[in-house]
Colleague: 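Before I ask anything, here is the structure I am working with.
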Amino acid sequence: MQTVLRIIYPSQCLTCGEMVEEDFALCGPCWRDTAFINGLTCDTCGVQLPGDDDGTQAQCDDCIRVARPWSRGAAAFMYRDNGRKLVLGLKHGDRTELAVPAAKWMCAAMPEIDPDTLVVPAPLHWMRFLKRRYNQAALLAKEVARLSSLPYLPDALHRTRPTKPLDRHSRDARFAMLDAAINANPKRAAQLEGRRVLLVDDVMTSGATLAAATEACRAAGADHIDVLVLARVAKDG
């Protein structure tokens with residue numbers, strides 16, 4: 001039956017529609033056009049760095065200059081070329097099925113995590129949720145938790161006030177807009193106390209959203225926070 005279905009409905013590349021050997025896969029050209037992160041990376045935000053990975057910790061210029069409230073960070077690919085298409089498809093194109101392969105790529109990039117770590121998505125304000133009908137960060141976080149056999153708490157954080165889209169705003173403006181915009185859900189705060197947390201989002205640009213979410217987790221008593229994103233925006237991206 002599977003063979004018959006595969007003949008009738010062959011697997012297609014996630015971005016260009018060309019036939020591929022398995023579901024949720026990229027064809028060769030689209031894979032090459034997706035800037036997957038490997039080798040030497042910033043331990044704090046996951047951006048790829050020049051040079052070889054010799055096992056020592058490294059930081060990018062942004063993370064040296066801007067103190068990050070979380071401990072470690074990782075990303076699956078850079079936000080450019082085909083990676084940008086994938087993110088925009090998931091975020092704005094109703095391509096919710098992309099969360100399945102995206103979470104696999106994110107788990108491959110994720111550093112070793114304590115098995116008691118709580119997976120928490122970056123929250124979406126309810127007004128934007130009604131418009132979009134889903135939170136892409138929650139879709140990714142749910143899949144990451146499932147693939148990693150980690151506990152998942154989808155409503156740990158609340159976005160208490162709407163913010164304008166952060167695109168085209170400066171770093172300082174992004175952080176100012178997110179100030180006090182994210183808080184721990186009072187009904188879930190006890191579950192964050194004393195826990196290790198893995199914050200999941202789709203994209204990291206300045207880090208303002210992840211910083212606000214990290215501070216909210218810390219205010220609820222979380223004692224160690226790592227971050228994991230699908231894509232990392234770099235200055236040249």
Side-chain angles (χ1 to χ4, degrees), residues 6 9-53 60-63 73-111 121-122 124 128 132-148 165-169 174 198-210 227-237:
R6 186 58 58 86
Y9 304 106
S11 299
Q12 294 180 306
C13 173
L14 289 168
T15 50
C16 74
E18 287 294 318
M19 286 192 296
V20 291
E21 294 184 356
E22 59 183 26
D23 294 335
F24 302 117
L26 296 170
C27 67
C30 288
W31 180 273
R32 290 191 296 272
D33 199 31
T34 305
F36 285 98
I37 294 172
N38 51 60
L40 183 64
T41 61
C42 174
D43 291 299
T44 307
C45 74
V47 73
Q48 189 152 353
L49 299 173
D52 298 324
D53 185 3
C60 67
D61 291 342
D62 281 352
C63 290
F77 50 66
M78 300 303 297
Y79 184 74
R80 62 172 181 258
D81 304 325
N82 201 52
R84 184 174 183 274
K85 293 179 184 178
L86 289 165
V87 170
L88 293 178
L90 172 63
K91 191 169 187 173
H92 300 297
D94 290 331
R95 297 284 310 277
T96 56
E97 79 280 2
L98 291 175
V100 175
K104 291 181 180 179
W105 300 328
M106 293 167 74
C107 287
M110 185 172 65
L124 193 67
R128 191 163 294 172
R132 191 176 295 165
R133 303 186 306 280
Y134 61 90
N135 176 4
Q136 71 280 357
L139 297 179
L140 293 170
K142 183 178 181 180
E143 282 298 312
V144 166
R146 182 183 66 83
L147 291 171
S148 306
L166 300 181
D167 298 346
R168 304 185 186 90
H169 287 280
R174 288 169 181 257
L198 178 66
L199 277 174
V200 173
D201 204 358
D202 58 340
V203 180
M204 176 182 171
T205 304
S206 67
T209 298
L210 290 167
V227 301
L228 178 65
V229 298
L230 176 58
R232 177 71 168 96
V233 178
K235 291 180 179 179
D236 61 350

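For this chain, numbers begin at 1 and follow the sequence in order.
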Colleague: How many angstroms lie between atom CG of Leu88 and atom CD of Gln136, to the nearest 0.5 angstrom?
Modeller: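 It comes to 10.5 Å.
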Colleague: Do Glu21 and Ser11 have side-chain heavy atoms sitting under 4.5 Å apart?
Modeller: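 No, side chains not in contact.
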Colleague: Would you say that Cys45 contacts Cys60 through its side chain, given a criterion of any heavy-atom pair below 4.5 Å between the two side chains?
Modeller: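 SC-SC contact between Cys45 and Cys60 confirmed.
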Colleague: Going through the distances and angles, do Leu199 and Leu228 end up as a side-chain contact (heavy atoms from CB on, under 4.5 Å)?
Modeller: CA-CA 6 Å; Leu199 277 174; Leu228 178 65; over 6 Å; no
Colleague: A side-chain contact here means heavy atoms from C-beta on lying under 4.5 Å apart; do Pro50 and Leu40 qualify?
Modeller: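 No, every pair of side-chain atoms sits at 4.5 Å or beyond.
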Colleague: State, to 0.1 Å, how close Ala102 and Leu140 come at their nearest heavy-atom pair, and which atoms those are.
Modeller: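 The answer is CB-CD2, 3.6 Å.
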Colleague: Indicate the atoms forming the closest heavy-atom contact of Asp33 with Asp81, along with that distance.
Modeller: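 Minimum heavy-atom contact is O-CB, 3.2 Å.
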Colleague: By the salt bridge (Lys or Arg N to Asp or Glu O under 4.0 Å) test, which pairs, at least two apart or in different chains, include something from residues 85-102?
Modeller: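 Found Lys91-Asp202, Asp94-Arg133, Arg95-Glu97.
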Colleague: Quick one: are Leu198 and Met110 in side-chain contact, heavy atoms under 4.5 Å?
Modeller: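 Heavy-atom side-chain distance check passes, below 4.5 Å.
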Colleague: If you round to the nearest 0.5 Å, how far is CG of Asp23 from CD of Gln12?
Modeller: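 The distance works out to 10.0 Å.
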Colleague: Is any side-chain heavy atom of Leu26 closer than 4.5 Å to one of Val20?
Modeller: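 A side-chain contact under 4.5 Å is absent here.
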Colleague: Check whether any side-chain heavy atom of Thr15 sits under 4.5 Å from a side-chain heavy atom of Leu86, and report yes or no.
Modeller: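 With C-beta onward as the side chain, the pair touches.
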Colleague: With the side chain counted from C-beta on, respond yes when Val87 and Leu230 share a heavy-atom pair under 4.5 Å apart, and no when they do not.
Modeller: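 A side-chain contact under 4.5 Å exists here.
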Colleague: Dump the intermediate steps for side-chain contact (heavy atoms from CB on, under 4.5 Å) on Met204 and Val233, then the final yes or no.
Modeller: CA-CA 6 Å; Met204 176 182 171; Val233 178; over 6 Å; no
Colleague: Any sub-3.5 Å donor-acceptor pair from Arg232's side-chain atoms to Thr205's backbone N or O?
Modeller: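 Checking the backbone N and O of Thr205 against the side chain of Arg232, a donor-acceptor pair under 3.5 Å is found.
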Colleague: Rounded to the nearest 0.5 Å, what separates atom CZ in Phe24 from atom CG in Leu98?
Modeller: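 With rounding to 0.5 Å, CZ (Phe24) is 8.5 Å from CG (Leu98).
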Colleague: side-chain contact (heavy atoms from CB on, under 4.5 Å) between Val229 and Val203: does it pass, once the steps are laid out?
Modeller: CA-CA 6 Å; Val229 298; Val203 180; over 6 Å; no
Colleague: Check for a donor-acceptor pair, side chain of Asn135 on one end and backbone N or O of Ala137 on the other, with a separation under 3.5 Å.
Modeller: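 Yes: the side chain of Asn135 pairs with the backbone of Ala137.
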Colleague: How many angstroms lie between atom CG of Leu49 and atom CG of Asp43, to the nearest 0.5 angstrom?
Modeller: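 With rounding to 0.5 Å, CG (Leu49) is 8.5 Å from CG (Asp43).
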Colleague: In Å and rounded to the nearest 0.5 Å, what is the OG1 to CG distance from Thr44 to Asp62?
Modeller: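 Output value for this atom pair is 11.0 Å.
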Colleague: Is the backbone of Asn38 close enough, under 3.5 Å, to the side chain of Gln48 for a donor and an acceptor to pair up by distance?
Modeller: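 The answer is yes, because a donor-acceptor pair under 3.5 Å joins these two groups.
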Colleague: Find the distance between CZ (Phe77) and CE (Met106) and round it off to the nearest 0.5 Å.
Modeller: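 Between Phe77 CZ and Met106 CE, I get 9.0 Å after rounding to 0.5 Å.
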Colleague: Should Val47 and Met78 count as side-chain neighbours, where that means a heavy-atom distance under 4.5 Å?
Modeller: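 They are in contact (side-chain heavy atoms under 4.5 Å apart), so the answer is yes.
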Colleague: Quick check: closest heavy atoms across Ala75 and Ala231, and the distance to 0.1 Å?
Modeller: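 Of all heavy-atom pairs spanning Ala75 and Ala231, the closest is CB-C, 4.4 Å.
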Colleague: Counting N and O atoms only, with roles assigned by atom type, does the side chain of Thr34 sit under 3.5 Å from a partner on the main chain of Phe36, one being a donor and the other an acceptor?
Modeller: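 Checking the backbone N and O of Phe36 against the side chain of Thr34, no donor-acceptor pair under 3.5 Å is found.
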